[in-house]
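Reading through the structure tokens given below for one structure.
Quick note on labels: first sequence line is chain A, next is B, and so on, each numbered from 1. Please read all numbers here as calculations on a predicted model, not as lab measurements.
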2 protein chains.
Amino acid sequence: MGNYDSMEKSKAKTLKALGFLIRQHRRAVGISQEELGLRCDLDRTYISGLERGVRNPSLTAIVALAEGLGITVSQLLDNLEIEITRTE
Amino acid sequence: MGNYDSMEKSKAKTLKALGFLIRQHRRAVGISQEELGLRCDLDRTYISGLERGVRNPSLTAIVALAEGLGITVSQLLDNLEIEITRTE
DNA sequence: GTGTGACTAGCAGTCCGTG
DNA sequence: ACACGGACTGCTAGTCACA
């Protein structure tokens, strides 16, 4: 533990898990990445990167996303740890 | 809405709210900023900046914080929106 | 409608210190 | 035990053209 590789892997899992949750909520709302981008004032390709788990958003970006999805940050991240462990 | 000033202000409120929540949970656990820093592998001065609301952490940093506090991310951010609006 | 690589500016996060 | 500062490196925000 504490070595670089395992740390980077766990971060990658975290981002993948977030991406899954964002996509799940976006589809539940029934909008495109483009529409979500418009609603939370984030670039379409940035949303794409988030859903693919290649972006590590800041808190303020996460808050904007939750607002665009019409839910709270806590609701958006509710199953984060579950999704992280699910891919292990 | 949508202008720069109001957007920066709302981001500042978000960070202040997070700082409040981190401090609240840290004190509930009964540990120092330094101890929390050790537990989640983040710098002592960075924890300080977070609690003062002058830092905007990434998702992976938020996850590390929650782990260090022994709670889920969702629990840590549970009252975020409430705290944001409380300071308005 | 989405995935992807590349890009610049700016900030995340560390390490040194002070009071 | 904490606030706060400067300086530093690497990473992130935000965007673009193209597939």
Open item on the list: Please pick, from D/dT15, C/dG3, D/dC2, the nucleotide with the shortest atom-to-atom distance to any side-chain atom of A/R52.
Closed with: C/dG3

TODO: Ignoring hydrogens and angles, tell me if any N or O in the side chain of A/E35 forms a donor-acceptor pair with the backbone of A/S32 under 3.5 Å.
DONE: no

TODO: Report yes if the side chains of A/P57 and A/L42 come closer than 4.5 Å at any heavy-atom pair, otherwise no.
DONE: no

Task: Distance test, side-chain N/O of B/N56 to OP1/OP2 of C/dC11, below 4.0 Å - done: no

TODO: Select base, sugar-phosphate, or nothing to describe what A/R26 touches, counting heavy atoms under 4.0 Å on all strands.
DONE: sugar-phosphate

TODO: Would you kindly give the NZ-to-P distance between B/K16 and D/dA3, to the nearest whole Å?
DONE: 11 Å

Task: Flag if over 12 foreign heavy atoms under 6.0 Å of CD, B/E81 - done: yes

TODO: Would you please confirm or rule out a distance under 4.0 Å between OP1 or OP2 of C/dG17 and any side-chain N or O of B/R44?
DONE: no

Task: Watson-Crick and G-U pairing of DNA chain C written in dot-bracket, each distance under 3.5 angstrom, with | for inter-strand partners - done: .||||||||||||||||||

Open item on the list: When you measure only distances, ignoring hydrogens and angles, does the side chain of B/T45 come within 3.5 Å of the base of D/dC4 through a donor and an acceptor?
Closed with: no

Open item on the list: Is there a side-chain contact between B/S48 and the phosphate of D/dA3, meaning an N or O under 4.0 Å from OP1 or OP2?
Closed with: yes

TODO: Give a yes/no on whether any side-chain N or O of B/R23 is located under 4.0 angstrom from OP1 or OP2 of D/dA1.
DONE: no

Task: Contact nearer the 5' end of DNA chain D, comparing B/I31 with B/T60 - done: B/I31

Open item on the list: How many whole angstroms separate atom CG of A/D43 from atom C1' of D/dA13?
Closed with: 10 Å

Task: Separation of atom CG in B/L59 from atom C1' in D/dC11, rounded to whole Å - done: 14 Å

- [ ] Return yes if some donor-acceptor pair links the side-chain N/O of B/R26 with the main-chain N/O of B/I22 below 3.5 Å, else return no.
- [x] no

Task: 4.5 Å side-chain heavy-atom contact, A/V63 and A/L59 - done: yes

TODO: State, with a plain yes or no, whether a side-chain heavy atom of B/R39 is found less than 4.5 Å away from one of B/V29.
DONE: yes

- [ ] May I have the distance from A/I22 (atom CD1) to C/dT2 (atom C1'), rounded to whole angstrom?
- [x] 15 Å

Task: D/dA13 phosphate, OP1 or OP2, under 4.0 Å from A/Y46 side-chain N/O - done: yes

Open item on the list: Less than 4.5 Å apart, side chain to side chain, heavy atoms only: is that true for B/L65 and B/L36?
Closed with: yes

TODO: Grab the CD1-P distance between B/I47 and C/dG13 for me, whole Å please.
DONE: 10 Å

TODO: Round to a whole Å and report the spacing from CG of A/D41 to P of D/dA13.
DONE: 14 Å

Task: Atom-to-atom span, CD of B/Q33 to P of C/dG13 - whole angstrom - done: 16 Å

Open item on the list: Between B/S58 and C/dG13, is there a contact of a side-chain N or O with OP1 or OP2 at under 4.0 Å?
Closed with: yes

Task: Distance-only donor-acceptor test (3.5 Å): side chain B/R55, base C/dG13 - done: yes

Open item on the list: Could you tell me if the side chain of A/R23 sits less than 4.5 Å from the side chain of A/Q33, heavy atoms only?
Closed with: yes

Open item on the list: Expressed as a whole number of angstroms, how long is the span from B/L36:CG to C/dG13:C1'?
Closed with: 14 Å

